[in-house]
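It should be emphasised that the depicted structure is a prediction, and the values quoted were computed from it without experimental measurement. Both counts, for ligands and for their atoms, begin at 1 and track the order of listing.
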Amino acid sequence: MQFIDLQAQRARIADKINAAVMKVIEDGKYIMGPEVKTFEAQMAEFSNTKHALGCANGTEAIALPLMAWDIRPGDAVFCPSFTFAATGEVVPWLGASPVFVDIDPRTYNMDPAHLEASIEAVKAEGKLTPKVIIAVDLFGQPADYPAISAIAKKHGLKLIADSAQGFGCTIHGKHPGHWADAVTTSFFPAKPLGCYGDGGAVLTNDDETAEIMDSLRVHGKATQSDIEGRSFEHDPKYLNMRIGMNSRLDTIQAAILIEKLAIFADEIEARNRIAARYNEHLADHVASVPFVIDGGVSVWAQYTLEHENRAGLQAHLKGKGVPTAVYYPIPIHKQDIYSRYPLGPGGLPVSEEKAERVMSLPMHPYLDEDTQDQIIDAVRSFNG
Ligand SMILES: *Cc1c(COP(=O)(O)O)cnc(C)c1O
C-alpha cells in the first residue's frame with residue numbers, strides 16, 4: 001500500500017502525458033516555451049486570479065512577492081510555525097525576520113486572534129516593522145482568509161497565501177487569491193497538483209506585483225513599463241533593472257501540468273469523497289478527525305487525525321501494512337536555527353501540542369474503497 005500513489009494517476013493519463021512531453025522535446029523550446037504561457041493562463045482561470053506566473057518551486061514562489069515588495073532587514077513577516085520549513089525560510093533570505101504565530105487547534109491553520117496580538121506586540125516593541133503576513137493552507141484546507149485579510153487591511157500589511165498544499169481550496173466558492181495579495185503554490189510531485197520534478201507558481205490580481213515578479217524570475221529583466229518611452233542602443237532584453245534570480249517553470253513540466261490540471265477538479269471531488277468516508281468511520285475511534293472551516297473546501301493534501309498514543313497507533317498500522325506519516329513533528333520555531341526569531345505573545349502552545357499528536361493516513365484521489373476499508377479496519381482495531 002502506498003501513502004500517496006502517483007502511479008495510479010499516471011495510469012489514467014499516461015498516453016496524454018507521454019505525448020505532451022514528447023512534443024516539447026521535439027519542439028525544442030525547453031525554457032519558457034508556449035506550454036508555460038498556456039498553463040499559466042489555465043491556472044489563472046482555474047483559480048479566478050488575474051495573473052499566474054510559473055517558477056522553479058514553491059519556496060521561490062514565496063520569495064518572489066517578498067522581493068517584489070522590497071522586504072528587507074528590519075521588516076517583520078508573520079507566519080505559522082506548524083508548517084513546512086519553506087514558509088518561514090525565505091524571510092531570512094532577505095534579511096527580514098519571521099515572527100511565528102500560533103494555530104487554531106481545530107484547523108491547524110493560523111489563529112487570527114494570535115496573529116493580531118503578535119502584530120500589536122511587534123508594534124509596541126518598536127524594533128521591527130510589520131510588513132507581511134504569510135498564511136498557510138495546511139493539509140489542503142484554506143486558512144481563515146476573511147479574518148486574516150481584515151487584520152492585514154487594518155494594519156496595512158500585505159498578505160501571502162502559501163497554498164503549496166492547498167491550490168484549489170476555496171471558502172464559499174472563492175479561492176485564496178480573492179483575499180490575498182499573492183498566492184503561491186508548489187508542484188512538488190506529492191502535492192495535490194504536482195508535476196514530475198520541481199515546479200511552482202505565484203498568482204496575483206495586482207498588475208504591478210505581477211510585472212515585477214515576472215522580471216525577478218528572469219534576473220530582473222526589463223519590463224514593459226521599464227522600457228516604455230525610452231530608447232536603447234542595445235537590445236533591452238539584456239537590461240537588468242533589479243536584482244533578480246533564475247526561477248522558471250520548465251516547459252516539460254508545464255506540458256505535464258496542463259494534462260494534470262484538466263483532471264484536477266475531478267480529483268478534488270474524489271479526495272473529498274475519500275476524506276468524508278474516513279471521517280464517517282473513524283470519528284469515534286480517534287481523538288479527532290479533520291475539521292474544515294465553515295464554507296471551506298479542502299483539497300486534502302493530507303488526511304490528518306490526532307491520537308493520544310500516536311506512536312502506538314503508527315506501529316499498529318505499520319504491522320498491518322498501512323503507511324503513515326507525521327506532518328510536522330517539530331514546529332519551525334523549535335528548530336535550533338530558527339530559535340533566534342521572535343514568537344507571538346505567550347509562545348506557541350497549540351503548535352507544540354499538535355506536533356506531538358497528529359498523524360496522517362494514506363490519501364490520494366485513487367484510493368479505492370477496499371484499500372480504504374483495510375486502513376479504516378486497521379485503525380479501528382487499535383486498542384492502545
Ligand atoms: C511543499 C511546501 C512548500 C515548498 O514547496 P517546494 O516546491 O518544495 O519548494 C512551501 N510551503 C508549504 C506549506 C509546503 O508544503
Exercise for review: Counting heavy atoms only, name the option from Ala56, Ser186, Gly200, Pro189 that's nearest to atom 7 (O) of ligand 1.
Suggested key: Ser186

Point to revise | Which of the ligand 1 atoms, numbered from 1, are nearer than 4.0 Å to a heavy atom of Ala86 | key: 3 (C), 4 (C), 10 (C)

Review point. Quick one: are Ile268 and Pro192 in side-chain contact, heavy atoms under 4.5 Å?
Key: no

Check your understanding: Which atoms of ligand 1 are found less than 4.0 Å from any heavy atom of Thr87?
Key -> 11 (N), 13 (C)

Practice item. Do me a favour and list the nearest non-hydrogen protein atom to atom 1 (C) of ligand 1 with residue, atom name and distance? Key: Lys191 NZ, 1.5 Å

Practice item. Using distance alone, determine whether Gly58 and ligand 1 share an N or O pair under 3.5 Å. Key: yes

Review point. Phe100 and Phe82: same hydrophobic cluster, using ILVMFWY side-chain contacts below 4.5 Å?
Key: no

Practice item. Decide if the gap between the ring center of His316 and the ring center of Phe382 is smaller than 6.0 angstrom. Key: yes

Check your understanding: Does any N/O atom on Thr83 come nearer than 3.5 Å to any N/O atom on ligand 1?
Key -> no

Practice item. Compute the centroid of each ring, for Phe46 and then for Phe167, and state whether the two points are separated by less than 6.0 Å. Key: yes

Check your understanding: Which ligand 1 atoms are under 4.0 Å away from a heavy-atom of Ala164?
Key -> 2 (C), 3 (C), 10 (C), 11 (N), 12 (C), 14 (C), 15 (O)

Exercise for review: Please indicate whether any nitrogen or oxygen in Thr59 is less than 3.5 Å from any nitrogen or oxygen in ligand 1.
Suggested key: yes

**Study point:** Identity and separation of the nearest protein heavy atom to atom 11 (N) of ligand 1
**Key:** Asp162 OD2, 2.7 Å

Exercise for review: Give a yes or no on whether Tyr328 atom OH has more than 12 heavy-atom contacts from other residues, nucleotides or ligands under 6.0 Å away.
Suggested key: yes

Exercise for review: For the pair Phe187 and Phe39, name the ring-plane relationship: parallel under 30°, tilted 30 to 60°, perpendicular over 60°.
Suggested key: perpendicular

